[in-house]
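Structure, as structure tokens:
Predicted model, so just to flag it, every value in this text is computed and none were measured. Here is the naming used below: chain letters follow the sequence lines, and residue numbers restart at 1 for every chain.
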2 protein chains.
Amino acid sequence: MDRHNENIEDLKCNVIHEDVVESVSDKMIDMDTVKELAEFFKVFGDSTRLRILYALSLSEMCVCDIAAVLGTSQSAISHQLKVLRQMRLVKYRRDGKVIYYSHDDGHITEIFRQGFEHINEEKE
Amino acid sequence: MDRHNENIEDLKCNVIHEDVVESVSDKMIDMDTVKELAEFFKVFGDSTRLRILYALSLSEMCVCDIAAVLGTSQSAISHQLKVLRQMRLVKYRRDGKVIYYSHDDGHITEIFRQGFEHINEEKE
DNA sequence: TGAACATATGAACAGTGATTCATATGATGA
DNA sequence: TCATCATATGAATCACTGTTCATATGTTCA
């Protein structure tokens, strides 16, 4: 055998500051919580969903109206509304054949605001 | 020809409330801004990046230390740090061979907070 | 009750993205 | 200057995800 991969650890770098690693590891967020958080933020990481949420911040709307405003197919909107529903970001009420969607979470506005502030800061 | 797809619009539903559609369309967020926002939030939609950001909220850290805390390869961390750098969420300083990363945005903490509040509300 | 309409959904497809592997870069110190 | 170490990065791979297409569900009204 040649000198390749004598030790797997050779490929990694070593811990530089054991105290920091230990201290941070102790206070580290647990995996379940991280995954929940990631799932939550993932919802905001898509243009279509963001536009739906933004539109709903202006007015309660039915599926067709949302599709019309976004210029997207009813099916695509419906699929995304399902995601938003499952994440409890929107709620809906039925009135005959029509289903009206609206926000179901007070944090949406604040999260948008933080996002806006961030991308505006970059333009300087 | 048969009666299939006589009109593309048949597949879509019709606009129900023209006034709402018009009003919301007027105030609608523009596409460039939405895409920027989505790019920004997308960064928070990954467990590895979230854990890096969380770790850095506890202490400035070098790449190796981050990899050690997360139990992930140096390469994976480095790739993700690049994303975080490009999104201006982290900054770094060099000290010899070692590069120390830290937060570069005041909104990170607030965004985390909103995320926590949301996922905690769901548990009731 | 059945046609028409609003909405939901399953499957397929295409594009994206995170990790791995191998290697490059850049700094140190002997 | 050369070996070593910390970090960065390009390419390949695999999994995920958003849209489309076709169709199903559920409600109204004639």
Side-chain angles (χ1 to χ4, degrees), chain A residues 2-17 21 34-35 38-39 41-52 61-68 70-87 90 92-101, chain B residues 2-17 21 34-35 38-39 41-52 61-68 70-87 90 92-101:
Chain A
D2 60 4
R3 74 265 173 273
H4 248 271
N5 286 346
E6 305 151 1
N7 190 338
I8 322 163
E9 301 304 313
D10 287 352
L11 298 173
K12 302 171 53 174
C13 42
N14 301 310
V15 172
I16 311 290
H17 314 87
V21 171
V34 167
K35 281 184 179 168
E39 288 307 307
F41 288 124
K42 206 171 285 180
V43 175
F44 291 87
D46 175 75
S47 298
T48 303
R49 285 190 296 262
L50 275 188
R51 288 199 298 158
I52 294 175
M61 282 203 276
C62 71
V63 180
C64 280
D65 288 352
I66 299 174
L70 303 204
T72 316
S73 74
Q74 176 268 320
S75 180
I77 298 293
S78 206
H79 277 294
Q80 296 304 346
L81 282 171
K82 185 179 190 178
V83 175
L84 295 171
R85 242 161 41 216
Q86 286 171 335
M87 199 50 74
V90 301
Y92 63 94
R93 67 182 178 86
R94 172 159 227 146
D95 183 12
K97 285 182 290 193
V98 182
I99 296 183
Y100 295 94
Y101 280 86
Chain B
D2 62 4
R3 75 266 171 272
H4 249 272
N5 286 344
E6 307 152 358
N7 190 338
I8 322 164
E9 300 305 311
D10 286 353
L11 296 173
K12 302 172 53 174
C13 42
N14 302 310
V15 172
I16 311 290
H17 314 87
V21 170
V34 167
K35 282 185 178 166
E39 288 307 307
F41 288 124
K42 206 170 284 179
V43 175
F44 291 86
D46 175 76
S47 297
T48 303
R49 285 191 295 261
L50 275 188
R51 288 199 296 158
I52 293 175
M61 281 203 277
C62 71
V63 179
C64 280
D65 287 353
I66 298 173
L70 302 205
T72 317
S73 73
Q74 176 268 320
S75 180
I77 298 292
S78 205
H79 277 294
Q80 297 304 345
L81 282 171
K82 185 180 190 177
V83 175
L84 295 171
R85 244 160 41 216
Q86 287 171 336
M87 201 50 74
V90 301
Y92 62 95
R93 66 181 178 86
R94 174 158 226 145
D95 184 10
K97 284 182 288 192
V98 184
I99 296 183
Y100 295 94
Y101 280 86

List every contact pair, protein side and nucleotides 24-30 of chain D side both N or O, where the distance is under 3.5 Å.
none

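For A:Y92, the OH atom sits in a loose shell: 12 or fewer heavy atoms of surrounding residues, nucleotides or ligands are nearer than 6.0 Å.
Each of A:K42 and B:V98 was matched to the nucleotide of DNA chain D holding its nearest heavy atom; the match closer to the 5' end belongs to B:V98.
Atom OG of B:S78 is separated from atom OH of B:Y101 by 6.0 Å, given to the nearest 0.5 angstrom. If you take CZ on A:R94 and CD1 on A:I99, they are separated by 4.0 Å, rounding to the nearest 0.5 Å.
Distance B:F44 CZ to C:dG17 P: 16 Å, rounded to the nearest Å. Protein atom CG of A:D65 is 14 Å distant from nucleotide atom C1' of C:dC5, rounded to whole Å. Computed from coordinates, the A:I52 CD1 to C:dT7 C1' distance equals 13 Å when rounded to whole Å. The NZ-C1' distance, from A:K35 to D:dC16, rounds to 14 Å in whole Å. Here the P atom of nucleotide D:dT20 and the CG atom of A:L70 are 12 Å apart, to the nearest Å. B:Q74 has its CD atom 13 Å from the P atom of C:dT19, to the nearest Å. Across the protein-nucleic acid pair, A:L84 atom CG and C:dT9 atom P stand 14 Å apart, rounded to whole Å. The distance between atom CE of A:M61 and atom P of C:dA6, rounded to the nearest whole Å, is 16 Å.
Under 4.0 angstrom from either OP1 or OP2 of D:dT9 there lies at least one side-chain N or O belonging to B:R85. When the side-chain nitrogen and oxygen atoms of B:Y100 are compared with OP1 and OP2 of D:dT7, none of them lie within a distance under 4.0 Å. Phosphate contact (OP1/OP2 of C:dA6, side-chain N/O of A:Y92, threshold under 4.0 Å): absent.
By the side-chain contact (heavy atoms from CB on, under 4.5 Å) test, A:V21 pairs with A:V15, A:S25, B:D65, B:A68, B:V69, sequence neighbours left out. Judged as a side chain to side chain donor-acceptor pair (under 3.5 Å), and not counting sequence neighbours, the contacts of A:R49 are A:Q80. Residues that satisfy the side-chain contact (heavy atoms from CB on, under 4.5 Å) test with B:K82, not counting sequence neighbours, are B:R85, B:Q86. Partners of B:F44 under the ring-ring contact (aromatic ring centres under 6.0 Å, His included) rule, at least two apart in sequence or in another chain, are A:F41, B:F40.
The side-chain heavy atoms of B:R51 and B:T72, taken from C-beta on, include a pair separated by under 4.5 Å.
The side chain of A:D46 approaches D:dG18 more closely than any other nucleotide in the set D:dA8, C:dG17, D:dG18.
DNA chain D is contacted by A:S75, A:A76, A:H79, A:Q80 of residues 75-83 of chain A, taking any non-hydrogen atom closer than 4.0 Å.
Across all non-hydrogen atoms, the minimal contact from B:S47 to A:K35 is OG-CG, 3.8 Å.
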